[in-house]
S.K.: 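Dropping the structure in here first, questions after.
Every heavy atom of this structure was used, including side-chain atoms; hydrogens, water molecules and symmetry mates were not.
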Amino acid sequence: MALRELHALMIRAAGHQVWRMRAALPDPSPGAVDVIVNQAADEAMTALLGKLHTFQGRSRFTTWAFKFAILQAATEVRRLQWQHREVELRDVELRPSPAHDGPELSAEGNDLAGAVAEAMRQVLTPYQRRIAVALLVDAVPIDVLAERLGTSRGALYKTLHDVRVRLRCELTAKGYLPVSHDSSNQGTTTDNDPDVSPTPTAGTP
């Protein structure tokens, strides 16, 4: 009975998330949505039961369980959205900055864009540059990129953390960013609590 009630909870949570994102689906029909919802609920419940021992009671159990279903549903939608799209790992390109209200701001924008591109070439490895462009410029979902590359989300988050630290240090040294006196959070990336990651490879390096 407890498992049936838990699965019904997962269905409701996954359904809420999938319907919220259904415009991104190749087939947003109710039948297709129901299939995704049930698949996400099943996988989320399996993941939750595998991590049941990690529940610490810092929130209501239902709130904790909801996170599994919501994260898994979002993952399923993004995978379907990108299943027929090619992920191109391209290197950094210098592009003109968007138009500004006035030549002075436009010149400053182009100068900063050039500094960022040059810093990426100077302090990042080719792999770091391609990961940064894919995630930050091309907006490839991190779980989709992890799947295509055969790696984990955690490993990609670690790469982004290193990218941010290196770029901030370089741009600060060149005078483009102010010197920070609080480096404790510098370059820090955040993700959902690893205890509630919907898949074994998600959330942890």
Side-chain angles (χ1 to χ4, degrees), residues 1-89 131-161 163-164 188-205:
M1 183 181 296
L3 291 176
R4 285 198 298 270
E5 291 181 359
L6 179 59
H7 190 261
L9 177 73
M10 293 297 199
I11 290 286
R12 291 198 301 273
H16 171 78
Q17 184 68 15
V18 174
W19 274 100
R20 191 176 70 84
M21 302 176 65
R22 69 185 183 280
L25 290 170
D27 180 5
S29 65
V33 167
D34 284 345
V35 171
I36 300 168
V37 168
N38 281 277
Q39 181 177 339
D42 291 346
E43 293 187 12
M45 186 165 173
T46 300
L48 181 148
L49 293 175
K51 294 186 177 182
L52 198 58
H53 64 284
T54 68
F55 178 61
Q56 299 178 1
R58 292 180 292 180
S59 63
R60 294 179 60 184
F61 179 79
T62 52
T63 302
W64 188 67
F66 252 73
K67 293 180 181 179
F68 281 85
I70 288 172
L71 289 172
Q72 187 63 46
T75 297
E76 294 298 328
V77 172
R78 288 194 295 265
R79 284 175 177 168
L80 287 171
Q81 183 184 14
W82 280 78
Q83 66 178 345
H84 298 305
R85 295 175 63 180
E86 182 181 356
V87 175
E88 181 183 359
L89 288 181
I131 295 301
V133 171
L135 295 177
L136 302 179
V137 179
D138 295 338
V140 179
I142 196 166
D143 44 5
V144 171
L145 186 61
E147 183 179 352
R148 299 286 177 91
L149 296 180
T151 186
S152 70
R153 287 175 51 182
L156 294 179
Y157 277 119
K158 175 62 168 60
T159 299
L160 277 184
H161 172 84
V163 164
R164 289 187 171 108
T188 301
T189 59
T190 58
D191 191 17
N192 296 289
D193 187 339
D195 288 344
V196 298
S197 296
T199 58
T201 59
T204 53

S.K.: Relative to each other, are the rings of Phe55 and Phe61 parallel, tilted or perpendicular (30° and 60° limits)?
M.R.: perpendicular
S.K.: Considering residues at least two apart in sequence or located in another chain, which fulfil the side-chain hydrogen bond (donor to acceptor under 3.5 Å, both in side chains) criterion with Asn38?
M.R.: none
S.K.: Using a 4.5 Å cut-off on heavy atoms from C-beta on, say whether the side chain of Val144 contacts that of Thr75.
M.R.: no
S.K.: Answer whether the closest heavy-atom distance between the side chains of Ile131 and Leu145 falls below 4.5 Å.
M.R.: yes
S.K.: For the NE2 atom of His161 and the OG1 atom of Thr159, what is their distance to the nearest 0.5 Å?
M.R.: 10.5 Å
S.K.: How about Leu156 and Leu160: do any of their side-chain heavy atoms sit closer than 4.5 Å?
M.R.: no
S.K.: Between Asp42 and His7, is any pair of side-chain heavy atoms under 4.5 Å apart?
M.R.: yes
S.K.: Please tell me if the side chains of Met45 and Leu3 come closer than 4.5 Å, counting only heavy atoms from C-beta onward.
M.R.: yes
S.K.: Check whether any side-chain heavy atom of Asp27 lies under 4.5 Å from a side-chain heavy atom of Leu80, and answer yes or no.
M.R.: no
S.K.: Going by atom type alone, with no hydrogens or angles, which donor-acceptor pairs under 3.5 Å involve a side-chain atom of residues 8-24 and a protein atom two or more places apart or on another chain?
M.R.:
unit_1	atom_1	unit_2	atom_2	d
Arg22	NH1	Trp19	O	2.5

S.K.: Kindly compute the distance separating OG1 (Thr46) from CD (Glu43), expressed to the nearest 0.5 Å.
M.R.: 7.5 Å
S.K.: What is the distance from atom CH2 of Trp64 to atom CD of Gln56, rounded to the nearest 0.5 Å?
M.R.: 9.5 Å
S.K.: Please tell me if the side chains of Tyr157 and Leu135 come closer than 4.5 Å, counting only heavy atoms from C-beta onward.
M.R.: no
S.K.: Please answer whether the main-chain N or O of Ser59 pairs with a side-chain N or O of Thr63 as donor and acceptor at a distance below 3.5 Å.
M.R.: no
S.K.: What distance separates Ile142 CD1 from Glu147 CD, expressed to the nearest 0.5 Å?
M.R.: 13.5 Å
S.K.: Is there a side chain to side chain contact (heavy atoms under 4.5 Å, CB included) between Leu149 and Val87 once you walk through the steps?
M.R.: CA-CA 10 Å; Leu149 296 180; Val87 175; over 6 Å; no
S.K.: Salt-bridge test for Arg78 and Asp143: reply yes if a basic N is under 4.0 Å from a carboxylate O, no otherwise.
M.R.: yes
S.K.: When you look at CZ of Arg60, are more than 12 heavy atoms from neighbouring residues, nucleotides or ligands closer to it than 6.0 Å?
M.R.: no
